[in-house]
Amino acid sequence: MGSARIVVLGTFVADLSFRGDRLPVMGETVMTDYFRLGPGGKGSNQAIAARRVGAEVTFISRLGRDAFGALARETYRREGISDAWVSEDADSYTGAAFIFVEAASRQNTIVVAPGAVAGLSPADVDRAGEAIRAARVLATNLEVPVPVARRGLELARQAGVATILNPAPAVPLPEDIYPLVDFLTPNEIEASALSGREVCTLDDAEAAADSFLARGVRAVVVTLGEKGALLKDAAGVQHVPAFRAGTVVDTTGAGDAFNGGFAVALAEGRDVRAATRFGCAVAGLSVTREGTAPSMPSRDEVDRLLSG
Ligand code: RIB
């Protein structure tokens, strides 16, 4: 443990997860007997995934001063993640997410209210510059404001720190952000939204990846759920199949599991192909458990799956 140093710039939100047969239509109430409250947020989940597979992790974010904020602090204390750059805004609230997991498919749909983290600015990222410069890899995503993610990528690039942008959720991006990205990791929906072409097949994913490479990204990994991931860079294209680690019970947070594992493998010096496989193994284990952050596997579990 401890050789790979990762910095994650992103959100913590409290996940309020419901599982049921179907979502209500507007004006309707439906009942269910499944509810869980736990730590979530794409950045925080990625930080926890990275920590559990062996990295030293610093998280940059903002919370409210409330019960969900206390849940975040307790989570970082228990996991051993540095929250020295997680600030608080007493005038706002800690983010929350409504998550609905469909019982039959175990697929999910999510609504996020980011709360205090929406007030994070590029100047806040500058203040955390020493943490970024000390890392091997910076991972960020689009639950933080785009100028914030962009500033994180810029500081990392200036310091020679590898950059991962998980463009989730997809929002319009300025063209000048792409050349700051070493590794872009959209899922099919995000790849479709950002490339302007629908991504359903491996060929579609490759075409979307090509459009991102043309915009200046160094390598693209399109995550494809049960189909695994498609990697494209200057060396060519590779399809990495998904790992079957057991019965799929909840796919929420699988992308975060991938990104956390991928970041650690890169920080440990693996090439992008091996790192993609490592990320797929972390994701394959996470979907066999309920929840997001709580579903992230240990390093031993990942190593066993990879060598099995
Ligand atoms: O990627 C899953 C995460 O997205 C959930 O934890 C939820 O909080 C949303 O941010």
Side-chain angles (χ1 to χ4, degrees), residues 8-19 23 34-52 59-64 66-69 71-72 75-76 79 81 86 93-102 105-118 120 139-146 148-149 164-171 185-191 193 221-225 229 248-263 279-280 282-297:
V8 181
L9 169 60
T11 49
F12 171 89
V13 308
D15 281 350
L16 290 86
S17 298
F18 300 78
R19 187 162 73 211
L23 281 165
Y34 179 96
F35 170 74
R36 297 279 189 281
L37 166 64
K42 295 186 195 301
S44 184
N45 294 341
Q46 292 171 19
I48 290 168
R51 176 65 188 151
R52 289 196 183 170
F59 188 46
I60 305 171
S61 192
R62 180 163 293 168
L63 305 168
D66 50 24
F68 289 167
L71 171 66
T75 300
Y76 303 136
E79 298 284 344
I81 290 171
V86 177
Y93 62 92
T94 303
F98 161 76
I99 300 179
F100 178 78
V101 178
E102 187 182 56
S105 67
R106 302 299 166 122
Q107 301 295 315
N108 62 82
T109 190
I110 304 177
V111 179
V112 176
V117 78
L120 217 53
T140 190
N141 62 72
L142 301 177
E143 284 187 339
V144 294
V146 171
V148 167
I164 300 173
L165 176 62
N166 173 221
V171 297
T185 59
N187 66 14
E188 292 142 300
I189 291 173
E190 293 141 10
V221 183
V222 183
T223 57
L224 301 163
V248 174
V249 300
D250 185 353
T251 60
T252 326
D256 302 330
F258 174 85
N259 278 278
F262 181 66
C280 285
V282 178
L285 285 158
S286 77
V287 299
T288 64
R289 297 161 194 165
E290 289 170 350
T292 52
S295 74
M296 301 305 171

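Along the sequence shown, residues are numbered consecutively beginning with 1. Here the structure is a predicted model, which means the values were calculated and not measured. In listed order, ligands and their atoms are each counted from 1.
Asn45 places no side-chain N or O within donor-acceptor distance of the main-chain N or O of Gly253, the cut-off being under 3.5 Å. In this structure, Ser44 contributes its side chain and Gly41 its backbone to no donor-acceptor pair below 3.5 Å. Side-chain N or O atoms of Thr251 include one that pairs as donor or acceptor with a backbone N or O of Arg106 at under 3.5 Å.
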Measure from every N or O atom of ligand 1 to the protein's N or O atoms and keep only the pairs below 3.5 Å, writing each with atom names and distance to 0.1 Å.
from, atom 1, to, atom 2, distance (Å)
ligand 1, 1 (O), Lys42, NZ, 3.0
ligand 1, 1 (O), Asp256, OD2, 2.7
ligand 1, 4 (O), Lys42, NZ, 3.0
ligand 1, 6 (O), Asp15, OD1, 3.2
ligand 1, 6 (O), Asp15, OD2, 2.6
ligand 1, 6 (O), Gly41, N, 3.1
ligand 1, 6 (O), Asn45, ND2, 2.9
ligand 1, 8 (O), Asp15, OD1, 2.5
ligand 1, 8 (O), Gly41, N, 3.0
ligand 1, 10 (O), Glu143, OE1, 3.3
ligand 1, 10 (O), Glu143, OE2, 2.5

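For Phe98 and Phe18, the gap between ring centers is short of 6.0 Å.
For the ring-ring contact (aromatic ring centres under 6.0 Å, His included) test, no residue two or more places apart in sequence or in another chain qualifies with Tyr34.
A salt bridge links Arg19 with Glu290; the closest basic N to acidic carboxylate O contact falls under 4.0 Å.
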